[in-house]
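The structure appears right after this line, and notes come after that.
Just so you know, ligand 1 is whichever comes first in the structure, and atom 1 is the first atom listed for that ligand. In this text the structure is predicted, and so the values were computed from the model without any measurement.
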Amino acid sequence: MPPSRRDTLGMLTGGAALLAAQSALGSEHSPLKESPRRVKDSSTPRQAPKTYNLLELEALASEVIPRPAFDYIARGAGDEQTLRENRTAFSRAFLDQRILTGKTVKSLETKILGSPLRAPVVVSAMAAHGLAHPSAESGTAKGAAAYGTLLGVSTVSTQNLEQVASASNGDKWFQCYLTRDSGFNRELLQRAHAAGYKAIVLTADVTVGGNREQDRRNNLRMPTPGNFLDTSNRPRKIEFAFDSSIGLDSLDFVREHSGGLPLIVKGVTTALDARALLQHGVDAIQVSNHGGRQLDGSPAAFDSLQRVAAEVKGRVPLIFDSGIRRGLDVFKAIAAGADLVAVGRPVLYGLALNGSQGVQWVLEQLEQELRIVMQLSGAATVADIRTTPLLHKPFFDA
Ligand SMILES: Cc1cc2nc3c(=O)[nH]c(=O)nc-3n(C[C@H](O)[C@H](O)[C@H](O)COP(=O)(O)O)c2cc1C
Ligand SMILES: CCCCC(=O)C(=O)O
């Protein structure tokens, strides 16, 4: 029996198909024509498929990332209702388009907590970039910095936080998971501060791992994260388990040990939680349902955003993630009250397909789309996007 298509293409050392998929990013938008993961291949090269958007990247990435790792990245929790809703919610909102404004789009620059950004788009913290590409978080860090935005670096990154910090000059946030070992938590926060991270993102929606059935089916084995290895790359004697009982007092703990860095709480979906966080003096809020990977049954993040924004009313910056694939989604999220958005999976797909330059391509692609939406809707600046009204379906029969 011939090997299945995925068996052939899914191998890290995959052949022509791998090259074809990787060079999919070698369009006029991509500065890279060569893949850092090129493999020797004697077969006739196939016509490289081109990709024109972030949605198409997923299928290409599935051809180069081994199956269990691809599923870990792409799939969601439970029946994946929330994963699907994250996309469909955007299609219920439309833009109140203005014409004859005389405006043209120029800079998309903005700032968050003192960090300058080329556009209102950052890279969300994700675990184990090494599953996507050997350059791991260093590759992502280089791509994000070359583009001009900042990177969220996960507690459970493949490379340790110092390695990632030194991989680029770009600003970075350290995403903190609190484990049951408070000494280790303290140490990590101190290390992040010492390594020059600009803020701490406390992720609050992982008090236990979500029900990721596909990972169990695939018998997924995660490599030991770099922060859990000693200087000889041996696993340290730390039992990694999420602290299931984190509460508002955990914010005080994080503040106390992170040397005065700004604190962002990620995983907010309700107005009530936003109110409590404001009372607790957080510096920013990240509306997120973890890309549908945690609580299946949580509403679409875009729907949560509108409720949270109505509560926060601009008092602290609002970051939005979960489902961003189009420049249009970025626009709608900002029009709905976000200050900027964070992108997840597509960045890992770009990394898998073309290393740091694939990451850069993903961010540039989003910006290009956003610019077209802005120009056509009459919004010349990020501030203009914020004042563009959204129309919610059904809007003709009211
Ligand atoms: C493979 C993968 C690993 C992730 N690991 C983390 C993590 O370590 N910490 C965290 O706060 N969020 C993590 N997330 C969630 C992302 O930060 C983000 O909330 C989500 O991916 C956004 O949705 P999107 O992928 O639809 O853009 C992870 C997401 C993915 C896809
Ligand atoms: C169980 C969570 C570990 C990393 C993570 O946040 C993710 O995979 O989404």
Could you list which atoms of ligand 1 come closer than 4.0 Å to a heavy atom of D321?
-> 18 (C), 19 (O), 20 (C), 22 (C)
Run the numbers for me: atoms of ligand 1, each under 4.0 Å from some heavy atom of R325, listed by number.
-> 24 (P), 25 (O), 26 (O), 27 (O)
Taking both backbone and side-chain atoms of A127, is any N or O found less than 3.5 Å from an N or O belonging to ligand 1?
-> yes
Please check if any side-chain donor atom of S157 sits under 3.5 Å from a side-chain acceptor atom of E137, or the reverse.
-> no
Considering only non-hydrogen protein atoms, determine which one is nearest to atom 12 (N) of ligand 1 and report residue, atom name and distance to 0.1 Å.
-> K266 NZ, 2.9 Å
Using a strict 4.0 Å cut-off to heavy atoms of R293, name the atoms of ligand 2 that fall inside it.
-> 7 (C), 8 (O), 9 (O)
Ligand 1 atoms nearer than 4.0 angstrom to some heavy atom of S288 are 19 (O)
Taking only heavy atoms of G323 into account, list the atoms of ligand 1 that are under 4.0 Å away from them.
-> 23 (O), 24 (P), 26 (O), 27 (O)
For V156, the ligand 1 atoms whose distance to one of its heavy atoms is below 4.0 Å | 8 (O)
Near S154, which atoms of ligand 1 are under 4.0 Å from a heavy atom of that residue?
-> 7 (C), 8 (O)
In terms of atom number and element, which parts of ligand 1 are under 4.0 angstrom from non-hydrogen atoms of G344?
-> 21 (O), 25 (O), 27 (O)
Sidechain N-carboxylate O distance under 4.0 Å for R345, E58 = no
Thinking salt bridges, do D71 and R212 make one under a 4.0 Å N-O criterion?
-> no
Atom 1 (C) of ligand 1: the protein heavy-atom neighbour that sits closest, reported with distance to 0.1 Å = R293 NH2, 3.4 Å
Does I73 have a heavy atom less than 4.0 Å from any atom of ligand 1?
-> yes
Check step by step if side-chain contact (heavy atoms from CB on, under 4.5 Å) holds for L251 and L202.
-> CA-CA 8 Å; L251 307 185; L202 177 68; 3.5 Å; yes
Would D303 and R92 pass as an ion pair if we require N to O under 4.0 Å?
-> yes
May I ask you to identify, for H290, whether its side chain, its backbone, both or neither come under 4.0 Å of ligand 1 on a heavy-atom basis?
-> both
Which ligand 1 atoms does T203 reach within 4.0 Å, using its non-hydrogen atoms?
-> 10 (C), 11 (O)
Identify the closest protein heavy atom to atom 8 (O) of ligand 2: which residue and atom is it, and at what distance?
-> Y72 OH, 2.5 Å
Look at R84 together with D79 and state whether they make a salt bridge at an N to O cut-off of under 4.0 Å.
-> no
Would one find more than 12 heavy atoms of other residues, nucleotides or ligands at under 6.0 Å from atom CG of D230?
-> yes
Under 3.5 Å between some N or O of ligand 1 and some N or O of A125?
-> yes
Between K266, Q175, R212, M126, which one has a non-hydrogen atom sitting closest to atom 7 (C) of ligand 2?
-> R212
How about Y197 and H193: are their ring centroids closer than 6.0 Å?
-> no
Is the shortest distance from a Lys or Arg side-chain nitrogen in E109 or R118 to a carboxylate oxygen in the other one below 4.0 Å?
-> no
Indicate whether any N or O donor in one side chain lies under 3.5 Å from an N or O acceptor in the other, for Q365 and E369.
-> yes
Under 3.5 Å between some N or O of ligand 1 and some N or O of Y177?
-> yes
